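Inspection log for the structure reproduced underneath, given as structure tokens.
All figures in this text were calculated on a predicted structure; none of them were measured in a lab.
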Amino acid sequence: MSRLVLELRQGELMIVNGAPIRFRTKSSIELTAKARFLFGKQIMRADQADSPARRIYFALQSAYIGAEDERVRGLDAARELIAAFKGATTSALACRILDRALSAAQEDDCYQALKLARRIIHHEDVVLGRTPEPASATTEHSM
């Protein structure tokens, strides 16, 4: 049986199978079954999806941890957003990463797709000269 142990800080948010959980105290939890989860800085709020790459991440996040109908809509939105991003970028590397992200999402490996989407956020930040906030969703956190 596979299992995953996570250490979470007081006040940190975790989403498991679409249900948000806020920790009132520092906690250690063990997931002993397959679950769709994100926690801490991996979670992007809707108001943080303020650029093309971040909108892709948010759509993939919905495809990963949303309710069943939200997952379908999230994947559809990710397809459209990725196509638009690829049409606007001159970076062949970004296009390849986005292709891999979409392929992973379509194979129900949205966690991997989110990891790849974080690379696109970083790429976009560099190209646009945008300095990511230290506590933003673009910060790597156990991905």
Side-chain angles (χ1 to χ4, degrees), residues 2-31 34-143:
S2 67
R3 61 191 191 115
L4 175 65
V5 177
L6 303 169
E7 299 289 329
L8 298 154
R9 298 181 301 265
Q10 178 180 357
E12 195 161 36
L13 181 67
M14 179 176 194
I15 300 175
V16 178
N17 292 339
I21 302 165
R22 183 163 314 275
F23 291 85
R24 299 180 103 183
T25 61
K26 182 178 177 182
S27 302
S28 176
I29 64 167
E30 180 178 346
L31 296 175
K34 182 175 165 86
R36 294 173 178 265
F37 71 94
L38 292 176
F39 61 95
K41 296 174 186 173
Q42 298 172 337
I43 301 168
M44 181 179 286
R45 297 184 322 266
D47 65 324
Q48 292 174 309
D50 60 357
S51 71
R54 285 174 172 76
R55 284 189 283 281
I56 290 169
Y57 184 94
F58 191 76
L60 289 169
Q61 175 181 283
S62 296
Y64 179 48
I65 59 170
E68 188 65 35
D69 62 321
E70 293 171 321
R71 292 201 306 259
V72 170
R73 286 193 312 267
L75 187 54
D76 288 343
R79 281 186 192 102
E80 292 174 18
L81 292 165
I82 287 171
F85 193 104
K86 286 174 59 179
T89 189
T90 58
S91 170
L93 177 59
C95 290
R96 286 192 303 272
I97 291 170
L98 287 169
D99 286 341
R100 288 176 44 210
L102 184 56
S103 178
Q106 291 174 153
E107 293 170 7
D108 201 26
D109 189 1
C110 288
Y111 195 81
Q112 177 64 25
L114 289 171
K115 288 171 60 174
L116 293 164
R118 285 183 182 280
R119 292 179 58 189
I120 298 303
I121 290 172
H122 177 71
H123 167 77
E124 180 183 71
D125 286 345
V126 169
V127 169
L128 298 177
R130 182 176 180 171
T131 305
E133 298 173 22
S136 75
T138 61
T139 305
E140 286 295 320
H141 189 72
S142 300
M143 283 196 127

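Distance check: Arg100 CZ to Asp109 CG gives 11.0 Å after rounding to the nearest 0.5 Å. A distance of 6.0 Å separates CD1 in Ile15 from CD in Gln61, rounded to the nearest 0.5 Å. Annotation: the span from Thr25 atom OG1 to Leu8 atom CG amounts to 10.0 Å, rounded to 0.5 Å. Atom CZ of residue Arg118 and atom CG of residue Leu60 lie 11.5 Å apart, to the nearest 0.5 angstrom.
Smallest separation of non-hydrogen atoms from Ala101 and Ala113: O-CB, 3.3 Å. The two residues Leu13 and Pro20 make their nearest non-hydrogen contact at CD1-CB, 4.0 Å. Of all heavy-atom pairs between Ala78 and Ala59, the closest is N-CB, 3.7 Å. The shortest heavy-atom contact between Phe58 and Ala49 is CB-CB, 3.8 Å. Of all heavy-atom pairs between Ala94 and Ile120, the closest is O-CD1, 3.7 Å. Scanning both residues, Gly74 and Ser62, for their nearest heavy atoms gives CA-CB, 4.1 Å.
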Exercise. Going through the checks in order, is the side-chain contact (heavy atoms from CB on, under 4.5 Å) test met by Leu98 and His123?
Worked result: CA-CA 12 Å; Leu98 287 169; His123 167 77; over 6 Å; no
Problem set entry | Chi angles and distances behind the side-chain contact (heavy atoms from CB on, under 4.5 Å) call for Leu114, Leu38 | CA-CA 10 Å; Leu114 289 171; Leu38 292 176; 3.9 Å; yes
Problem set entry | Step-by-step side-chain contact (heavy atoms from CB on, under 4.5 Å) determination, Glu12 to Leu6 | CA-CA 12 Å; Glu12 195 161 36; Leu6 303 169; over 6 Å; no
For this session: List the steps and the verdict of salt bridge (Lys or Arg N to Asp or Glu O under 4.0 Å) for Arg36 and Asp108.
Result: CA-CA 10 Å; Arg36 294 173 178 265; Asp108 201 26; 2.6 Å; yes
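Taking 4.0 Å as the cut-off between side-chain N and carboxylate O, Arg54 and Asp125 count as a salt-bridged pair.
Although no hydrogens or angles enter the test, the distance criterion places no donor-acceptor pair under 3.5 Å between the side chain of Arg9 and the main chain of Lys26. Checked by atom type and distance alone, the side chain of Gln112 never pairs as donor or acceptor with a backbone atom of Ala104 at under 3.5 Å. With hydrogens and angles ignored, the 3.5 Å screen pairs no side-chain donor or acceptor of Glu124 with any backbone N or O of Ser51.
Among residue pairs with one or both ends in residues 74-89, those qualifying as side chain to side chain donor-acceptor pair (under 3.5 Å) are Asp76-Arg79, Arg79-Gln106, Lys86-Asp99; sequence neighbours excluded.
In this structure, the side chains of Met14 and Ile29 come closer than 4.5 Å at one or more pairs of heavy atoms.
Considering Tyr57, Tyr111, Tyr64 in turn, Tyr111 is the only one that fulfils the side chain to side chain donor-acceptor pair (under 3.5 Å) rule with Gln42.
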